[in-house]
Protein chains: 2
Amino acid sequence: MSEIQRPGALYQQVAAAIREAILSGEFEPDALLPSEAQLMARYGVSRPTVRNAIAALRAEGLIDVRHGKGSYVRTSQQPALTLERRITCTTDGTFVMPNGDAWDEAEQPSTYRTRTTTGTGRLLQLGAEEALFGCDRLLIDPSSGTRAMHRTLIPFTTAEGIPLLTEEPSTRPAEIYGLLTQDGQKLTWSETVRARMPLPDERTTLRLPDATPVLHLARVTHGTDGRSLILEELRTGADRAELAYRITADKQPTRRTRA
Amino acid sequence: MSEIQRPGALYQQVAAAIREAILSGEFEPDALLPSEAQLMARYGVSRPTVRNAIAALRAEGLIDVRHGKGSYVRTSQQPALTLERRITCTTDGTFVMPNGDAWDEAEQPSTYRTRTTTGTGRLLQLGAEEALFGCDRLLIDPSSGTRAMHRTLIPFTTAEGIPLLTEEPSTRPAEIYGLLTQDGQKLTWSETVRARMPLPDERTTLRLPDATPVLHLARVTHGTDGRSLILEELRTGADRAELAYRITADKQPTRRTRA
DNA sequence: AGACGTCACTTGTCCTTACGAGTGATGACT
DNA sequence: AGTCATCACTCGTAAGGACAAGTGACGTCT
């Protein structure tokens, strides 16, 4: 019957008490919290109030609830998968960006034709309703089991120069880059990182727990003339994955920096 | 009285119906949804069921609810702030990473002494409980009003070489980098990007709406010998901000790439 | 005209009750 | 011994009622 007071609603007081107990280490990671009935007795409140408090903690990603079992303190896990972006500038001016990610494909890629939306059009520097080739993949990292949704979008204008693309649209991205550089094009990248809550279909296909955002990575590749050639999107759960940009220079860097 | 069926729980059916109405454009962005009473009548369910459905849509970030007013379709806004990371490798080997972000400081920086946690220790390649100088700032982007929490962590071993740091720990990061490179050190960076749900104090200080993740950016700067010199962390709401890495090369890039 | 109280509407909080459904242990039956 | 029904515990869903609190409009009083 530990009494609680102060900040606003009852369920928030209960949530704050439990949260504090978790963060202070009173409940270890993976520990089983008291059941709803026990919390009702402990704080002298009704079941909806307890459930409301628990819902708040779920939304914060602090706990996981299993039907028939109870509430568990979520292990604030280190990410199981680091998407490495190594960017090196060597003395001879060579520019390397290897990417060690080795995904497996969980399904057959599905290819289709579509048109730009406001979002993809902005990234590709195209107007609305421009024709695109699309290819969706479901990727799995074999070592950690992390899933990711991958999408390749190629404007018709890019594909026209590369007959192979229209014939075999499911060509793997790595091979596409080989095709694009065949004619001596120099490529540059622009990677945009965003995070948001998943839509229901993303929750299921990515097998995301509660309160887990998705990392949304969009990579646009430009040719020598600055034209946008291809857009790749990768969506994956932010609970298991992180992005790491490793920036190395052999020469003394010149920079103004802040934050 | 549009009847609904199928997928599992009643409140999920209601939520699915409303979600579909929103995504199909039946309700425009910023539109006012029917009130709880109207939804009760429309679907023939009780108020807890309606509220449960609405809670699900809030958790998805699809709607915003204002006390005394109603539920509004959230405008899927383009980010108001893009944190630019320009990485250029020129022919003469110069390596530039300017950063155009111009934050204002909302408060006086607060400096303190602390110790490494498992997270910060891992990033700084230090053990647990190593002594650190810390400095926290609350930043505001003047054009968009976007807020960010900034933290600088400097190991004692780094600070020892730079007397100015211990005397005036609130030195701005840009100046710190100037001090670090005084002795001809060549710096490299490693930036790690993660996303997660905010803690309550982050929700309030960053003024985050419902179901808004935080982008968590950690930048570790290394000296010539590979030692970790300084750790900067930036936390900001993922609803208004995005990260953009623009990678340019003057020479033909060599790379193996995939996703 | 202006200030202010009231009212109708909204969502927020809290309670009670009831039953459905997943989980694991216990114990009885074969 | 092994199989399986039962039970007690967990959380999930759904309904009902009641009152608090924020919002804005309407109407009355000064």
Side-chain angles (χ1 to χ4, degrees), chain A residues 1 3-18 22 27 30-74 200 203-204 209-211, chain B residues 1 3-18 22 27 30-74 200 203-204 209-211:
Chain A
M1 196 71 67
E3 287 302 324
I4 40 188
Q5 282 305 332
R6 283 299 113 85
L10 242 187
Y11 79 93
Q12 286 175 339
Q13 299 174 28
V14 175
I18 301 174
I22 292 175
F27 296 111
D30 272 331
L32 182 61
L33 289 180
S35 71
E36 295 179 357
Q38 290 170 322
L39 292 173
M40 288 166 65
R42 159 120 63 138
Y43 298 109
V45 296
S46 71
R47 186 152 174 241
T49 302
V50 167
R51 285 185 63 80
N52 214 342
I54 288 180
L57 299 176
R58 290 177 68 161
E60 294 171 24
L62 265 182
I63 63 175
D64 280 311
V65 181
R66 271 180 275 177
H67 189 177
K69 303 289 289 297
S71 303
Y72 296 83
V73 179
R74 185 180 285 187
R203 279 209 50 173
T204 55
D210 279 343
Chain B
M1 197 75 67
E3 286 304 322
I4 38 188
Q5 282 303 332
R6 283 298 108 87
L10 242 187
Y11 80 92
Q12 286 174 339
Q13 299 174 28
V14 174
I18 301 174
I22 293 175
F27 296 111
D30 272 330
L32 182 61
L33 289 181
S35 71
E36 294 179 358
Q38 290 170 322
L39 292 173
M40 288 167 66
R42 158 119 64 139
Y43 297 110
V45 297
S46 70
R47 188 159 172 233
T49 302
V50 167
R51 285 185 63 80
N52 213 342
I54 288 180
L57 298 175
R58 290 176 68 161
E60 295 172 22
L62 265 182
I63 64 176
D64 280 311
V65 181
R66 270 181 276 177
H67 189 177
K69 302 288 292 297
S71 304
Y72 295 83
V73 179
R74 184 180 287 187
R203 280 210 49 174
T204 56
D210 279 342

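Numbered from 1 within each chain, the chains take letters A, B, ... in sequence-line order.
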pair [X]-[Y]: side-chain heavy atoms closer than 4.5 Å:
X	Y	result
B:Tyr43	B:Val50	no
B:Leu39	B:Ile54	yes
B:Arg203	B:Asp210	yes
B:Leu62	B:Ile18	no

Quiz item: Side chain of B:Leu10: nearest nucleotide among D:dT23, D:dA15, D:dC11?
Solution: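 Of the candidates, D:dA15 comes closest.
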
Rounded to whole angstroms, how far apart are [atom1] on [X] and [atom2] on [N]?
X	N	atom1	atom2	value
B:Asn52	D:dG12	CG	P	11 Å
B:Gln12	D:dG12	CD	P	12 Å
A:Tyr72	D:dC11	OH	C1'	11 Å
B:Tyr11	D:dC11	OH	C1'	12 Å
A:Arg47	D:dT10	CZ	P	10 Å
B:Glu36	D:dA15	CD	P	14 Å

Self-check item: Residue whose closest nucleotide on DNA chain D lies nearer the 5' end, A:Pro48 versus A:Ile54
Solution: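 Here A:Ile54 is the residue nearer the 5' end.
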
Quiz item: For the base of D:dG12, is there a side-chain donor-acceptor partner from A:Arg66 under 3.5 Å away?
Solution: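 Result: no qualifying N/O pair found.
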
Exercise. Between A:Thr49 and B:Arg58, just flag the one whose closest nucleotide in DNA chain C comes earlier from the 5' side.
Key: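 First, find each residue's nearest nucleotide; the 5'-ward one identifies B:Arg58.
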
Self-check item: First and last nucleotide of DNA chain C, 5' to 3', lying under 4.0 Å from heavy atoms of chain B
Solution: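 Terminal contacting nucleotides, 5' to 3': C:dT10 to C:dT13.
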
Quiz prompt | Minimum heavy-atom distance between A:Ala53 and A:Val14, given as atom pair plus value | solution =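 Nearest heavy atoms, A:Ala53 then A:Val14: CB-CG1, 3.8 Å.
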
Exercise. Taking all heavy atoms of B:Pro209 and all of B:Asp64, pick out the closest pair and write down the distance.
Key: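 Of all heavy-atom pairs spanning B:Pro209 and B:Asp64, the closest is CB-OD1, 4.4 Å.
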
Quiz item: Roughly how far, to the nearest 0.5 Å, is CZ of B:Arg58 from CZ of B:Arg51?
Solution: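 CZ of B:Arg58 is found 7.5 Å from CZ of B:Arg51.
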
Self-check item: Under 4.0 angstrom between A:Arg51 side-chain N/O and D:dG12 OP1 or OP2
Solution: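 A:Arg51 to D:dG12 OP1/OP2: side-chain N or O found under 4.0 Å.
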
Quiz item: Reckon A:Lys69 has a side-chain N or O less than 4.0 Å from the OP1 or OP2 of D:dC11?
Solution: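 For D:dC11, OP1/OP2 do not have a side-chain N/O of A:Lys69 under 4.0 Å.
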
